[in-house]
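Worksheet: one structure, shown below.
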Amino acid sequence: MRKEYKTIREVVGPLMLVDNVEGVSYNELVEIVEHDGNIRRGKVLEVQGNKALVQLFEGSQGLQVSSSKARFLGHSLELAVSEDMLGRVFSGMGEPIDGGAKIIASKKMDINGLPINPYARDYPNEFIQTGISSIDGLNTLVRGQKLPVFSASGLPHAQLAAQIARQAKVLGSDEKFAVVFGAMGITYEEADFFIQDFRKTGAIERAVLFMNLANDPAIERIATPRMALTAAEYLAFEMDMHVLVILTDITNYAEALRETSAARKEVPGRRGYPGYMYTDLASLYERAGRIKGKKGSITQIPILSMPEDDKTHPIPDLTGYITEGQIILSRELYKKGFLPPVDVLPSLSRLKDKGIGAGKTREDHARTMNQLFSAYAEGKSAKELAAILGEAALSDTDKLYAKFAVEFEKQYINQGFTTNRTIEETLNLGWKLLGILPRSELKRISDAMLDKYYKPYVE
């Protein structure tokens, strides 16, 4: 039996206080029935004694307290899930917005999910090919990993997200692969770009999109990633699919968290964000992974734009602690016209060693990856030295390293947003560029591998 109360006492912004309630629990879903029959939804944020603090999803504008009643539904926010979700576009609250019919649910799932038992977790160790050399070759994505992209204002992270969603696949023809895309606080133009890109390339057939726009309520923004992850959990652990979840932009999500925290008059933490932001972000990121005995997996790529390009800002800082590395986009490379502008040296995938090698990518992957990192770092140092002292100060070997750095950025990093390289093409390109350097400089690669793959560079 649904409980209804006409004891709404106060409304402040998106928050509403309901008096004399019984048996109400945290996160419980609430319907506010207005005098004209219109229904608004919300959820219980806090319960103290017989008082419940409710947060409205649609906001409180125009709500008449005296003639409205609150109906507590006895369960938290749920998403209707089914395999028919693939190919569909939903709002941030899980309602279809693509003109198609409502989903006939196989079941309804609580969007807050359940944490994966650490003992039941399986270690991520299988390669996912994104078709992007700077990720596949140097900062490899592994199935079940969470690998965020740290971007900044004005950098093309939307195009990178669309490219990964379009191109990503697990190697092996019998594997079922899906993409769940959750967008938070994006503009209508960005939403249209994603939807059209997915449709034009056919990627939408294996994708589920959740779109929360910038003019949608902040509370909906907090629900959107949980909707996306709930859909991913259903596809992964009940339909045995390998699911890639892309969430953009986590910064907009954190801003919504700060806004609702301020409305509740909570004591702010760093830069005004709530003190529980670490726990809240962890409740999203930790829903990635693999479970022993289950065929499916969830791999996460959260994308966040660093305010003021600051890596020490609370959002990237806390994200870095929870996730297994980061892909960092570079403004300098973007200005040079190199796309995608992935800054490979400060980028890191902590699980890359687990997803590469014979039987996964190729036996030379680990050695060439280390050699490319080393040579690029050496080449950048040589270029900086030349800028200060002039090119005459460089030795012949230094000049070769500087040339390597230039060609590496031009050919390896710069591949555009439409080129889809196989891991073999990426590794072969790495060997081609290493041919710029004398064989004696490639100290991180065994002689047997050099005999097999090394060839002097040809323009």
Side-chain angles (χ1 to χ4, degrees), residues 130 132-135 138-139 141 146-164 182-187 189-190 193-194 214 221 225 246-259 268-274 277-278 280-282 284-285 300-350 373 376-377 379-381 383-384 387-388 405-406 408-410 412-417:
T130 64
I132 300 165
S133 293
S134 47
I135 297 176
L138 302 173
N139 294 291
L141 179 64
K146 28 196 192 298
L147 184 63
V149 173
F150 287 7
S151 182
S153 176
L155 294 185
H157 47 267
Q159 287 89 332
L160 179 64
Q163 183 178 18
I164 293 171
M184 295 155 280
I186 62 172
T187 62
E189 186 183 13
E190 283 177 300
F193 161 75
F194 283 122
R221 207 154 298 147
I246 299 174
L247 300 173
T248 182
D249 183 332
I250 293 293
T251 300
N252 294 337
Y253 171 83
E255 294 294 346
L257 211 59
R258 178 162 69 172
E259 190 180 320
R270 284 167 65 192
R271 303 215 192 174
Y273 293 95
M277 187 163 79
Y278 179 90
D280 194 278
L281 288 172
L284 298 180
Y285 298 147
Q300 259 191 51
I301 299 185
I303 295 173
L304 59 92
S305 44
M306 299 179 289
E308 299 159 23
D309 295 16
D310 181 9
K311 272 187 282 196
T312 66
H313 187 278
I315 305 168
D317 189 32
L318 297 179
T319 294
Y321 280 119
I322 303 163
T323 54
E324 292 116 9
Q326 66 278 330
I327 302 293
I328 296 178
L329 300 190
S330 158
R331 203 175 284 285
E332 185 190 341
L333 288 172
Y334 183 56
K335 282 178 185 167
K336 288 181 184 175
F338 296 155
L339 301 173
V342 175
D343 198 349
V344 296
L345 293 180
S347 296
L348 167 71
S349 170
R350 292 192 181 96
F373 268 124
Y376 183 46
K380 285 191 85 170
S381 297
K383 282 168 69 183
E384 283 166 17
I388 297 165
V406 170
F408 180 80
E409 287 178 355
K410 246 191 235 172
Y412 196 94
I413 293 174
N414 180 38
Q415 67 175 78
F417 290 121

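Residue numbers count from 1 along this sequence. Values below: every heavy atom of this structure, side chains too, minus hydrogens, waters and symmetry copies.
Taken to the nearest 0.5 Å, the CG atom of Asp343 stands 6.0 Å off from the CG atom of Leu333. Here CD1 of Ile315 is found 10.5 Å from CZ of Phe150. Values are rounded to the nearest 0.5 Å. Between Leu147 atom CG and Thr130 atom OG1 the span is 9.5 Å, to the nearest 0.5 Å. Between Leu284 atom CG and Thr319 atom OG1 the span is 9.5 Å, to the nearest 0.5 Å. Put simply, OG on Ser133 and CZ on Phe408 are 8.5 Å apart, with the number rounded to the nearest 0.5 Å. Distance check: Phe194 CZ to Glu189 CD gives 11.5 Å after rounding to the nearest 0.5 Å.
Under the side-chain hydrogen bond (donor to acceptor under 3.5 Å, both in side chains) criterion, Glu324 pairs with Lys146, sequence neighbours left out.
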task = Give the C-alpha distance, both sets of side-chain angles, the deciding distance and a yes or no for salt bridge (charged side-chain N to carboxylate O under 4.0 Å, His left out) between Arg271 and Asp317.
result = CA-CA 12 Å; Arg271 303 215 192 174; Asp317 189 32; over 6 Å; no
message = Set out, in order, the CA-CA distance, both residues' side-chain angles and the distance that settles side chain to side chain contact (heavy atoms under 4.5 Å, CB included) for Val149 and Leu304, then state yes or no.
response = CA-CA 6 Å; Val149 173; Leu304 59 92; over 6 Å; no
Residue pair Ile246, Ile303: steps toward the side chain to side chain contact (heavy atoms under 4.5 Å, CB included) verdict = CA-CA 7 Å; Ile246 299 174; Ile303 295 173; 4.0 Å; yes
task = Report the C-alpha separation of Leu247 and Tyr253 in whole Å, then their side-chain angles, then the decisive distance to 0.1 Å, and conclude whether the side chain to side chain contact (heavy atoms under 4.5 Å, CB included) test is met.
result = CA-CA 10 Å; Leu247 300 173; Tyr253 171 83; over 6 Å; no
message = If you apply the rule side chain to side chain contact (heavy atoms under 4.5 Å, CB included), what do you find for Tyr412 with Val344, and how did you get there?
response = CA-CA 11 Å; Tyr412 196 94; Val344 296; 5.9 Å; no
Salt bridge (charged side-chain N to carboxylate O under 4.0 Å, His left out) assessment of Glu255 paired with Arg258 = CA-CA 5 Å; Glu255 294 294 346; Arg258 178 162 69 172; 2.8 Å; yes
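When all heavy atoms of Leu329 and Ser151 are compared, the pair lying nearest together is CD1-OG, 3.6 Å. Of all heavy-atom pairs between Pro346 and Lys311, the closest is CB-NZ, 4.3 Å. Nearest heavy-atom pair, Leu345 versus Ala377, reported as atom, atom and distance to 0.1 Å: CD1-CA, 4.0 Å. Contact between Arg221 and Ala256 at its shortest, heavy atoms only, is CB-CB, 3.9 Å. Taking each heavy atom of Met277 and Pro314 in turn, the nearest pair found is CE-CB, 4.0 Å. Nearest heavy atom pair, residue Gly337 against residue Asn414, reads O-OD1, 3.8 Å.
In this structure, Leu138 and Val342 have side chains that are not in contact, with every pair of non-hydrogen atoms separated by 4.5 Å or more. Between Glu409 and Glu332, the closest side-chain pair of non-hydrogen atoms is not below 4.5 Å. In this structure, Pro274 and Leu257 have side chains that are in contact, with non-hydrogen atoms separated by less than 4.5 Å. Within the 4.5 Å cutoff, the side chain of Pro148 has no heavy atoms near those of the Gln300 side chain. For the pair Leu160/Ile132, a side-chain contact is recorded, criterion being any heavy-atom separation below 4.5 Å from C-beta on. With contacts defined as side-chain heavy-atom distances shorter than 4.5 Å, the pair Leu339/Gln159 does not qualify. Counting heavy atoms from C-beta outward, Ile250 and Met184 have side chains that approach closer than 4.5 Å. Inter-residue side-chain proximity for Pro156 and Pro340 is flagged as unmet; no heavy-atom pair is nearer than 4.5 Å.
The aromatic rings of His313 and Tyr273 sit perpendicular, their planes meeting at an angle over 60°, well past the 30° parallel limit.
Judged by distance alone, with hydrogens and angles left aside, the side-chain atoms of Asp309 form no donor-acceptor pair with the main-chain N or O of Ala152 at under 3.5 Å.
The neighbour count for Lys336 NZ, taken as heavy atoms of other residues, nucleotides or ligands under 6.0 Å away, is above 12.
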